[in-house]
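Side-chain atoms are counted along with the backbone in the values below, which use heavy atoms only and exclude waters and symmetry mates.
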Amino acid sequence: MITLTHFMVVSAGLFCIGLFIIVSKKNAIQVLLGIELMLNAAILNMVAFSRYDRVNNGGQMFALFAIVLAAATTAVALAIILNVYRRYKTINPDEINQLKDQ
Amino acid sequence: MVQVMFYVMSFVTLGSAFIVAAGKNLVRSIFMFFITLFGLAGLYVLALADFVAVTQVVIYVGGILVLILFAFMLSGKQALAALDQQKSKFISLKNFPAFILAGLFLVVMLNIILKANAPGLQWIQDAKSGHNIIPVNESMVNNIGINLMTRYLLPFEVISVLLMLALVGAAHLARKEEKV
């Protein structure tokens, strides 16, 4: 029998891998991948708990909303990354430390 | 059988996520992220959320990853060259702090999860005794559709407006700037 604890352990692992990617990578697109991993870990938890809510389906519903929000976030973030690349010619988050080019 | 499937799926998911974290090549890590998302869709199916699994495949794999690949291709040669310089061993001195942070966070979260004892929570016991639990042989798509149009109608509409705003904003941000 798969219990809720199994799902939560997998999701904790995914979350920590995402955290590692965000802190260690030197590329904005890879940082974005890490954020997506963390979001997916949270969604996995919601879906796993949603099994015990048959009438309202609260968890599955908000998992759907979170997936759509992730899509919107990614679109905006990629547009920002493209703009940053156009202006600075780099997408290393460590080197982008000015609000506007002088 | 189901348990074996669960272990296979979680192994695929966590393993490919590790490769995403350890990979030197950005394109390879993006494609390994594909596999992570498919593994997660399998986990959703095992959690009896078939509709969410299909949505995951359609939106994440079909939408977001293609978008990421496009942005990567558009960001040009210099980004690729800059990537090659970055020699990232998985455990090197440079990302040792990140490794420590993620590892300690994992320890804390595992501790909390094992202490919380989620299957013994009160509302889950109530759901079990009140038959408010999704049976294995029943599809929830019908119920999700009805709930989306009644109970969750307001969030549904708000999120549709927000999605449109985000896409318009993204198109506005990504356009070529005219010379002043």
Largest heavy-atom contact set with chain A, pairs under 4.5 Å, which of [options]:
{"options": "Leu162(B), Leu65(B), Ile59(B)", "value": "Ile59(B)"}
{"options": "Pro155(B), Gly63(B), Gly169(B)", "value": "Pro155(B)"}
{"options": "Leu167(B), Val20(B), Thr150(B), Ile146(B)", "value": "Val20(B)"}
{"options": "Leu46(B), Val2(B), Asn147(B)", "value": "Asn147(B)"}
{"options": "His131(B), Arg151(B), Met140(B)", "value": "Arg151(B)"}

Let me know if [X] has heavy atoms under 4.5 Å from chain A in its side chain, its backbone, both or neither.
{"X": "Gln56(B)", "value": "both"}
{"X": "Leu110(B)", "value": "side chain"}
{"X": "Leu40(B)", "value": "side chain"}
{"X": "Ser29(B)", "value": "both"}
{"X": "Tyr60(B)", "value": "side chain"}

Among [options], which residue forms the greatest number of heavy-atom pairs with chain B at distances under 4.5 Å?
{"options": "Asn57(A), Leu69(A), Leu19(A)", "answer": "Asn57(A)"}
{"options": "Val55(A), Thr74(A), Asn92(A), Val68(A)", "answer": "Val55(A)"}
{"options": "Gly18(A), Ala71(A), Ala77(A), Ala48(A)", "answer": "Ala71(A)"}
{"options": "Ala70(A), Cys16(A), Gly59(A)", "answer": "Cys16(A)"}
{"options": "Leu33(A), Ile80(A), Val23(A), Thr73(A)", "answer": "Leu33(A)"}
{"options": "Val10(A), Ile2(A), Ile22(A)", "answer": "Ile2(A)"}

With a sphere of 6.0 Å drawn around CZ of Phe51(B), does it hold more than 12 non-hydrogen atoms of other residues, nucleotides or ligands?
no
Neighbour count above 12 (heavy atom, 6.0 Å) for Asp94(A) CG:
yes
Heavy-atom closest contact (Leu67(B) atom, Ala75(A) atom, distance)
CD2-CA, 3.7 Å
CG/Leu101(B) to CG/Leu106(B) distance, rounded to the nearest 0.5 angstrom?
11.0 Å
Distance col, row Leu78(A):CG vs Ile29(A):CD1, nearest 0.5 angstrom, shows 6.5 Å
Between Phe99(B) and Phe96(B), ring centroids under 6.0 Å:
no
Is the distance between the ring centroids of Phe6(B) and Phe7(A) under 6.0 Å?
yes
Using heavy-atom distances under 4.5 Å, tell me whether Phe62(A) contacts chain B through its side chain, its backbone, both, or neither.
side chain
For Met8(A), which atoms come within 4.5 Å of any heavy atom of chain B: side chain, backbone, both, or neither?
both
Show your reasoning for whether side chain to side chain contact (heavy atoms under 4.5 Å, CB included) applies to Phe70(B) and Val66(B).
CA-CA 6 Å; Phe70(B) 259 114; Val66(B) 174; 3.8 Å; yes
Applying side chain to side chain contact (heavy atoms under 4.5 Å, CB included), name anything that partners Ser11(A), two or more places apart in sequence or on another chain.
Ala41(A), Leu44(A), Asn45(A)
Might you work through the side chain to side chain contact (heavy atoms under 4.5 Å, CB included) test for His6(A) and Tyr7(B), ending with a clear yes or no?
CA-CA 9 Å; His6(A) 288 78; Tyr7(B) 285 122; 3.3 Å; yes
When the side chains of residues 111-127 of chain B are checked against the rest of the protein, which donor-acceptor pairs come out under 3.5 Å, sequence neighbours left out?
residue: Gln122(B); atom: NE2; partner: Asp126(B); partner atom: OD1; Å: 3.2
residue: Gln125(B); atom: NE2; partner: Pro119(B); partner atom: O; Å: 3.0

